[in-house]
Amino acid sequence: VVGSGAGGATVAAELAEAGVDVIMLEEGGYHPTESFTAGTGRALRTLYRDAGGGMAVGRPSVLYTEGRCVGGSTVVNGGMSWRTPARVLGRWAEQEGLRAIGERDLDPYFAAIESRLSVGLQDPETIGRDSALFQAGAQARGWAVVPNRRNQLHCAGTSNCSSGCPTGAKRSMLVTSVPRALARGARLFADCRVDRITSSGGTVTGVTGHFVRPGGRRGPGLTVRARVVVVAGGAIQTPALLARSGLRSASGRLGRNLSVHPNAVVTAFF
C-alpha cells in the first residue's frame, strides 16, 4: 500500500484484519502525537510536502497543501468528515456507470467508518468566541448555519489542527487506522519514496523506491514484490506515480480530472 493517509491506512487496516500480509510505504516521516507543537515552521518542515507551497497553475492559480508524514493529510487537516453528497453519487452513476455505490449501498460503510473515527459534532464549550460571533452574524443575515462534523473525540479547542493535534483528539490515521493495521501484523516503512510500480507482461509485480535521509538526501533502495499494489497517494501523487510508471487508463483520462475545494480567507476585527 503506497501512502498511509485516509485511503492507504484504511485499506491497510482492513486487509490486515482480513489476514492479508500488508506493507505500507510512506514517503514522509513518523511523527507521534507527543512531538506536535504550535510551531508552524516545524510543522511545515516535517509534516507537509514542499513546506505546504504547492500550486495548481491556472486562471486563477490555486495554492494547495499536502500532508507528507505517517497519517498523510489527515494529520494536518481540520478533520471535517462529510459523507459523499447524493448529487455526486448520482453524477457518478449517470456519467460513469458506477451504479453499485448509491446512498443505500454506501450507508453501512459510512456508518462503520464514522463510528471508528468518532465522527460527530464538537463539544460546544470548545468552540471559540470568534466562531460564535461568526455564527450569530450569519444567522442575523438569514443564512443557513450547518454544524460541522469532525473526526474528533472531545477536541480541546487548541486550534492547532494544521500543525498536528497535540492531544490526539483528532482521530487522524496516525492514531487510528495505522496502529490498527500494525496491530494486525502490517509493516510500515516511513521516509520511503516509491519511484515506480513494477510490472511484467501487463501484470503489476510490486514497487521500487528508496529511503530518504535527513535533509532529503537519497538513501538505500527498496524493492517490494507483491501480487497486489494499492496506490493511495492522494489526488495529486497517485496519478503522478501511475504516469511515471508507464501505466495508463483505458479512458485516457489519467490525471485530467482533478477537483479542488479552495478556501477564501476572511479577516475581521470584532
Side-chain angles (χ1 to χ4, degrees), residues 2-8 26-28 40-69 71-98 101 130-131 134-135 137-138 141-146 148-151 159-164 172-173 193-197 212 216 231-270:
V2 182
S4 64
E26 168 57 52
E27 183 177 357
T40 303
R42 181 186 183 281
L44 290 173
R45 291 193 305 271
T46 58
L47 304 179
Y48 288 82
R49 178 181 300 278
D50 300 326
M55 176 182 288
V57 180
R59 300 174 61 187
S61 295
V62 178
L63 293 172
Y64 67 89
T65 57
E66 294 178 274
R68 186 174 62 179
C69 56
S73 294
T74 69
V75 174
V76 295
N77 67 15
M80 281 73 78
S81 302
W82 299 94
R83 296 189 177 192
T84 308
R87 67 181 184 278
V88 174
L89 295 175
R91 176 167 55 83
W92 289 349
E94 295 172 6
Q95 298 182 10
E96 309 297 338
L98 302 176
I101 56 171
D130 54 347
S131 293
F134 188 77
Q135 178 180 357
R141 296 285 298 177
W143 297 347
V145 176
V146 181
N148 194 12
R149 292 174 58 80
R150 302 177 62 237
N151 57 312
S159 193
N160 205 49
C161 296
S162 60
S163 299
S172 71
M173 297 297 103
R193 175 178 171 80
V194 174
D195 298 315
R196 291 182 64 86
I197 301 168
V212 180
V231 183
I236 304 293
Q237 302 307 319
T238 292
L241 174 57
L242 294 173
R244 69 173 178 262
S245 300
L247 302 177
R248 298 292 183 268
S249 62
S251 67
R253 304 298 297 172
L254 178 65
R256 293 181 179 273
N257 297 284
L258 175 67
S259 296
V260 296
H261 50 95
N263 295 308
V265 177
V266 178
T267 304
F269 291 96
F270 293 97

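Below, each value reflects all heavy atoms present in this structure, side chains not excepted, and no hydrogens, waters or symmetry copies. Each residue takes its place number in the sequence, starting with 1.
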Any idea which heavy atoms bring [X] and [Y] closest together, and the distance?
X: S73; Y: G67; value: OG-N, 2.9 Å
X: G79; Y: N151; value: O-OD1, 2.7 Å
X: V194; Y: R244; value: O-NH2, 2.8 Å
X: C161; Y: N77; value: CB-O, 3.5 Å
X: G71; Y: S4; value: N-OG, 3.0 Å

(message) Apply side-chain contact (heavy atoms from CB on, under 4.5 Å) to residues R49 and C69 and explain how you reach the verdict.
(response) CA-CA 9 Å; R49 178 181 300 278; C69 56; over 6 Å; no
(message) Please check this pair: side chain of R150 against backbone of G78, looking for a donor-acceptor N/O pair closer than 3.5 Å.
(response)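 Flag set: sc R150 to bb G78 pair under 3.5 Å.
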(request) Look only at the side chain of D50 and the backbone of G52, and say whether a donor-acceptor pair between them is shorter than 3.5 Å. (result)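 No; judged by distance alone, with no hydrogens or angles, the pair does not exist.
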Is there side-chain contact between [X] and [Y], with heavy atoms separated by less than 4.5 Å?
X: V62; Y: M55; value: no
X: W82; Y: V146; value: yes
X: Q237; Y: E66; value: yes
X: R68; Y: E26; value: yes
X: I101; Y: W92; value: yes
X: R256; Y: S249; value: no
X: R91; Y: E94; value: no

(request) Would you please name every residue forming a side-chain contact (heavy atoms from CB on, under 4.5 Å) with S163, sequence neighbours left out? (result)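 S163 satisfies side-chain contact (heavy atoms from CB on, under 4.5 Å) with T40, A43, N160 only.
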(request) Kindly write out the residues that satisfy side-chain contact (heavy atoms from CB on, under 4.5 Å) with L242, not counting sequence neighbours, or none if the list is empty. (result)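 Expected list: I197, V231, T238, L247, L254.
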(request) Enter the distance from D130:CG to S159:OG here, rounded to the nearest 0.5 Å. (result)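 If we round to the nearest 0.5 Å, D130:CG and S159:OG are 7.5 Å apart.
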(request) Begin from the C-alpha positions of V76 and Y48 and carry the test side-chain contact (heavy atoms from CB on, under 4.5 Å) through to its verdict. (result) CA-CA 8 Å; V76 295; Y48 288 82; 3.4 Å; yes
